[in-house]
Number of protein chains: 4
Amino acid sequence: MPEASRQPRSRYPFFAPITTRWMDNDAYGHVNNVTYYSYFDTAVNLYLVREGGLDIQHSGTIGVVVESGCRYHEGIAYPEPIEAGVRVGELRNRAVRYEVGIFREGGAESVADGYFVHVFVDRATRKAVPIPDRVRAALEKLK
Amino acid sequence: MPEASRQPRSRYPFFAPITTRWMDNDAYGHVNNVTYYSYFDTAVNLYLVREGGLDIQHSGTIGVVVESGCRYHEGIAYPEPIEAGVRVGELRNRAVRYEVGIFREGGAESVADGYFVHVFVDRATRKAVPIPDRVRAALEKLK
Amino acid sequence: MPEASRQPRSRYPFFAPITTRWMDNDAYGHVNNVTYYSYFDTAVNLYLVREGGLDIQHSGTIGVVVESGCRYHEGIAYPEPIEAGVRVGELRNRAVRYEVGIFREGGAESVADGYFVHVFVDRATRKAVPIPDRVRAALEKLK
Amino acid sequence: MPEASRQPRSRYPFFAPITTRWMDNDAYGHVNNVTYYSYFDTAVNLYLVREGGLDIQHSGTIGVVVESGCRYHEGIAYPEPIEAGVRVGELRNRAVRYEVGIFREGGAESVADGYFVHVFVDRATRKAVPIPDRVRAALEKLK
């Protein structure tokens with residue numbers, strides 16, 4: 001389950017700045033609930049590319065999402081810039097659970113909290129495999 | 001929490017056919033985990049418009065999403081067409097929990113199962129209000 | 001340039017049915033101008049997969065878009081279903097220009113008209129190559 | 001028509017920084033052609049909000065897109081950050097043509113060049129109206 005209440009910034013060791021987009025706002029004028037999940041994906045994979053050596057086009061081991069969730073505490077809207085904080089909630093042999101908090105730029109507490117679980121698989125066979133050492137080392141830093 | 005295992009079609013009283021899109025496939029060649037949530041939104045609001053009298057631009061009471069989640073059992077990919085089955089899991093005074101199963105066209109069991117919770121609010125003030133009678137009547141049919 | 005005026009259905013030999021989505025509507029309540037291009041991509045690649053033998057994950061030759069454009073004659077909005085009509089405007093050795101008309105379901109005249117140009121390239125080197133015979137044969141049928 | 005060749009930064013008086021997203025990359029591993037148009041929308045409306053007093057939810061006069069186009073000179077891919085440069089190509093009584101160049105962060109020449117035409121309309125009636133004075137003053141600065 002995602003966090004039930006707003007989280008402080010201090011809980012997240014890594015932050016990705018994200019610019020919102022015109023299309024993020026839906027017919028009700030706020031960022032659509034779906035779009036938050038694209039913020040989660042964007043922040044986590046940025047970390048995996050920068051710190052874990054992920055090559056999106058060529059890495060032999062990739063993470064596939066098997067579960068995700070989000071709780072929305074307060075609305076946000078384009079054009080305000082946001083930040084996504086990332087921590088690792090659980091690190092297993094073949095899987096990791098990322099917990100992501102969405103913050104207004106410089107905000108003290110999250111406006112939404114979500115998570116997703118990556119199972120690592122062989123790119124070609126899509127069979128589960130152990131998390132590669134370099135990725136694991138990077139993920140350890142987010143615990 | 002979303003359903004932990006594949007669900008049979010019989011559990012869903014309403015189905016929305018959905019055509020997948022080129023952009024649904026991500027860099028790993030399957031429908032991105034984020035996109036499933038747009039299928040959920042699309043199927044539920046189709047029902048609300050058709051059966052609950054929702055006027056997206058003008059209704060005084062609208063549903064805002066406060067929580068969502070999904071479990072992904074099996075990958076799908078554009079260009080295969082899909083179907084989203086919708087049922088109501090819990091119906092309260094001011095909120096409803098929708099449970100949505102994603103099926104390959106004609107598939108017997110879901111490839112992903114998700115849910116989201118709508119709290120109904122006044123469009124202008126965004127304060128929670130009781131579910132309008134016509135919407136409630138429509139939602140009752142999905143229990 | 002895209003067509004300056006509404007086009008009749010008879011100009012398009014291939015039609016792809018497309019279901020609109022909640023997120024297609026932007027803050028102004030109609031399908032966002034950007035989204036039409038995703039309809040173009042979706043319709044053309046559906047044809048390439050079905051008739052031209054395109055394997056999105058493995059084909060050695062892929063089409064990359066070098067130019068695109070659209071004129072919007074009339075607004076549309078989710079949840080109305082639409083159709084995208086496709087014809088080939090120009091077929092060269094290494095490139096093709098697709099012309100796509102967006103229609104309301106069963107509509108006599110287009111609500112938007114666009115085009116895009118695919119240059120075919122080697123998947124690995126991204127160097128331009130001749131259009132594969134099977135793809136060319138399929139494209140000839142759309143002229 | 002969009003610019004046929006790469007444009008230098010000096011041609012654009014306003015720049016919006018944009019963070020790319022995981023979902024921007026399509027099955028071919030680069031930013032999908034459709035997504036560039038969302039960068040255009042995002043950069044132009046950011047300027048309209050900041051400098052032209054646009055209130056997305058409440059302004060009585062809004063811009064609707066009647067034509068758009070893009071030429072793609074070179075591919076880009078998430079997670080690289082980009083910038084969108086905006087200038088006004090033509091400013092008429094009820095319409096404006098924006099020309100937008102997409103640059104890698106700090107890049108000297110554009111990787112893609114596009115444009116779109118806004119016709120200003122009354123929010124409720126969707127009839128064309130003159131560009132409001134405050135918006136016009138802001139647009140004049142981009143010529």
Side-chain angles (χ1 to χ4, degrees), chain A residues 1-5 23-24 26-45 48-49 54-77 98 100 111-124 126, chain B residues 1-5 23-24 26-45 48-49 54-77 98 100 111-124 126:
Chain A
M1 291 293 295
E3 297 284 352
S5 60
M23 283 178 69
D24 292 353
D26 67 11
Y28 295 158
H30 54 203
V31 171
N32 184 253
N33 68 91
V34 176
T35 304
Y36 290 75
Y37 289 93
S38 82
Y39 302 155
F40 302 164
D41 252 8
T42 294
V44 166
N45 283 290
L48 291 178
V49 168
L54 173 64
D55 177 334
I56 297 170
Q57 286 288 290
H58 303 105
S59 287
T61 302
I62 60 176
V64 297
V65 177
V66 296
E67 189 182 320
S68 61
C70 186
R71 278 192 173 132
Y72 310 85
H73 312 305
E74 187 185 325
I76 51 175
Y98 307 100
V100 187
V111 294
D113 284 279
Y115 77 95
F116 68 89
V117 175
H118 253 169
V119 169
F120 285 81
V121 302
D122 178 89
R123 191 185 201 105
R126 303 280 157 132
Chain B
M1 291 291 295
E3 297 284 352
S5 60
M23 283 179 68
D24 293 353
D26 67 11
Y28 294 159
H30 54 204
V31 171
N32 184 252
N33 67 90
V34 176
T35 304
Y36 290 75
Y37 289 93
S38 82
Y39 302 155
F40 302 164
D41 253 7
T42 294
V44 166
N45 282 291
L48 291 177
V49 168
L54 172 65
D55 177 333
I56 297 170
Q57 289 280 75
H58 303 105
S59 287
T61 302
I62 59 177
V64 298
V65 177
V66 297
E67 188 182 321
S68 61
C70 186
R71 279 190 172 132
Y72 310 86
H73 311 305
E74 186 186 326
I76 51 176
Y98 307 101
V100 186
V111 295
D113 284 280
Y115 76 96
F116 69 88
V117 175
H118 253 168
V119 169
F120 285 81
V121 302
D122 178 89
R123 189 183 202 107
R126 302 280 158 133

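Not measured: the values here are computed from a predicted model. Residue numbering restarts at 1 for every chain, and letters A, B, ... go by the order of the sequence lines.
- Looking at N32(B), the atoms closer than 4.5 Å to chain A (heavy atoms on both sides) all sit in the side chain, from C-beta outward.
- At a threshold of 4.5 Å between non-hydrogen side-chain atoms, the residues Y37(B) and S68(A) count as touching.
- The part of H30(B) that comes within reach of chain A is its side chain, from C-beta onward, which places non-hydrogen atoms under 4.5 angstrom from that chain.
- If you tally non-hydrogen atom pairs under 4.5 Å between each of I56(A), D26(A), T35(A), D41(A) and chain B, the highest count goes to D41(A).
- Taking every heavy atom of both residues into account, Y28(B) and L54(A) meet most closely at OH-CD1, 3.7 Å.
- Nearest heavy atom pair, residue Y115(B) against residue M1(A), reads OH-CE, 4.3 Å.
- Looking at V64(B), only its side chain comes within 4.5 Å of chain A, counting heavy atoms on both sides.
- Between chain B and the residues A112(A), G114(A), G69(A), the largest count of heavy-atom pairs under 4.5 Å involves G69(A).
- For the pair V34(A) and Y36(B), the minimum side-chain heavy-atom distance is 4.5 Å or more.
- Contact check for F116(B) versus N33(A): no side-chain heavy atoms found under the 4.5 Å cut-off.
- Between chain A and the residues R71(B), R123(B), Q57(B), the most heavy-atom pairs under 4.5 angstrom are made by R71(B).
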